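First up is the structure itself, then whatever we jot down about it.
It should be emphasised that the depicted structure is a prediction, and the values quoted were computed from it without experimental measurement.
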Amino acid sequence: GKTDKAKETMQKLISEKVESGKTEKEAKSALKSSVTSYWKPLYLEAYKKGDTNEMYRIRKLLASLGLYDSTADTCSNWIKSSKDN
């Protein structure tokens, strides 16, 4: 139920941005940026705490949104980039 609701909400937000003049690609990019800015710090915090359950929950939620080509790769890159800084 929640996965379907998340997908439905994402599609609605994309449609609203397209109606306001953005291309679908621009709309998805804007939403992806917003989702990343919210979830990345929470995912990294869970990683630092070793909270694998929370990491899994966040990855599952992100995958349900359908914004990332590979949620696992995205989350791995977040960890890698945090270590590089």
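- Among residues two or more places apart in sequence or in another chain, the side-chain contact (heavy atoms from CB on, under 4.5 Å) test is passed with Ser37 by none.
- With sequence neighbours excluded, no residue satisfies side-chain hydrogen bond (donor to acceptor under 3.5 Å, both in side chains) with Ser34.
- Shortest non-hydrogen contact noted between Trp78 and Tyr68 is CZ2-OH, 4.0 Å.
- Considering only heavy atoms from C-beta on, Leu62 stays 4.5 Å or farther from Leu67 through its side chain.
- Listed for the Ser33 side chain is no donor-acceptor partner under 3.5 Å among the backbone atoms of Ala30.
- Residues passing the salt bridge (Lys or Arg N to Asp or Glu O under 4.0 Å) test with Lys28, sequence neighbours excluded: Glu24.
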For residues 12-20, tabulate all N or O donor-acceptor pairs below 3.5 Å that involve a side-chain atom, not counting sequence neighbours.
| unit_1 | atom_1 | unit_2 | atom_2 | d |
| --- | --- | --- | --- | --- |
| Ser15 | OG | Gln11 | O | 3.0 |
| Ser20 | OG | Lys17 | O | 2.8 |

Output a table of donor-acceptor pairs, distance under 3.5 Å, between side-chain atoms of residues 45-59 and any protein atom two or more places apart or on a different chain; print 'none' if there are none.
| unit_1 | atom_1 | unit_2 | atom_2 | d |
| --- | --- | --- | --- | --- |
| Glu45 | OE2 | Lys49 | NZ | 3.1 |
| Tyr47 | OH | Lys83 | NZ | 3.0 |
| Asp51 | OD1 | Asn53 | N | 3.4 |
| Asp51 | OD1 | Glu54 | N | 3.0 |
| Glu54 | OE1 | Arg57 | NE | 2.9 |
| Glu54 | OE2 | Arg57 | NH2 | 2.8 |
| Arg59 | NH1 | Tyr43 | OH | 2.8 |

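- The side-chain hydrogen bond (donor to acceptor under 3.5 Å, both in side chains) test applied to Asp73 returns Ser70, not counting sequence neighbours.
- Side-chain atoms of Ser81 come within 3.5 Å of backbone atoms of Asn77 as a donor-acceptor pair (strictly under, hydrogens ignored).
- The shortest non-hydrogen separation linking Leu31 to Met10 is CD1-O, 3.9 Å.
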